[in-house]
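One structure below.
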Amino acid sequence: MPQRPGGVLISREEIAARVGELGRAISREHADSIPLLVGVLKGAAVFMADLIRAIPTPIAVDFMGVSSYGVATRSSGAVRLTADLSMSIEGRDVILVEDIVDSGRTIHYLRRNLETRHPRNIEVCTLLDKIERRQVELSLDYVGFVIPDRFVVGYGFDLAGQYRGLPEIHVLEES
Ligand code: IMP
Ligand code: MG
């Protein structure tokens, strides 16, 4: 059945306010070092762009690419690295920046991968947490919003590559 963006789950104003709070929290917790924010492509690119502007203290930025979805709205379970960091993270405070944690497999995979490179610390910041669907145990350090088990699009979230540019977060609707 065809699907399209339905009602707004989280408005631009709500997103902006919460991203501001997350940015200030990250700044407070990292007053003693320059953390490296690692955005997880592609979904977190929009969130990352807003988040880094909400952190008033010095940070560094890098990206990793992963692919776990095909064209479906359910994860395949397998995580594939599509782009790697451009710098060493040895001895650094790393903050993984994700769009959404669903089963938890992507973050679990990324955390294990980064641990082998000997950072000082790894934290996770996610805009959305679909906690009902968790399959692996994870600790999340900064969470924007906990959402119900609905597929969302907009603000970086896509369905088969579409709708990332919508400024608000919508639930997907059967049409
Ligand atoms: P996990 O590995 O199951 O935690 O899946 C995480 C990834 O699945 C996210 O980074 C998203 O790319 C994708 N994903 C999960 N739920 C949604 C959704 O509702 N909309 C769009 N992408 C989603
Ligand atoms: Mg993602």
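In each ligand, atom 1 is the first atom listed, and ligand 1 is the first ligand listed.
The contact set between ligand 1 and D158, taken as ligand atoms under 4.0 Å from a residue heavy atom, comprises 21 (C). Near K130, the atoms of ligand 1 lying under 4.0 angstrom from a non-hydrogen atom of the residue are 16 (N), 17 (C), 18 (C), 19 (O). Short contacts between ligand 1 and T106, defined as distances under 4.0 Å to a heavy atom of the residue, involve ligand atoms 1 (P), 2 (O), 5 (O), 6 (C). Here is the list of ligand 1 atoms found below 4.0 Å of a heavy atom in V152: 18 (C), 19 (O), 20 (N), 21 (C). Listed by atom number, the atoms of ligand 1 under 4.0 Å from E98 heavy atoms are 10 (O).
Here T57 pairs with S27 under the side-chain hydrogen bond (donor to acceptor under 3.5 Å, both in side chains) rule; sequence neighbours left out. With sequence neighbours excluded, the residues satisfying side-chain hydrogen bond (donor to acceptor under 3.5 Å, both in side chains) with Q135 are R105.
Residue-level proximity to ligand 1 for D99 is carried by the side chain, the only part with a heavy atom below 4.0 angstrom.
Residue contacts with ligand 1: R150 is included, with a non-hydrogen atom under 4.0 Å away.
Within the set G43, S103, S67, G154, the minimum heavy-atom distance to atom 1 (P) of ligand 1 is found for S103.
An N or O contact shorter than 3.5 Å links G104 to ligand 1 by distance.
Side-chain polar atoms of E168 and Y155 form no donor-acceptor pair below 3.5 angstrom.
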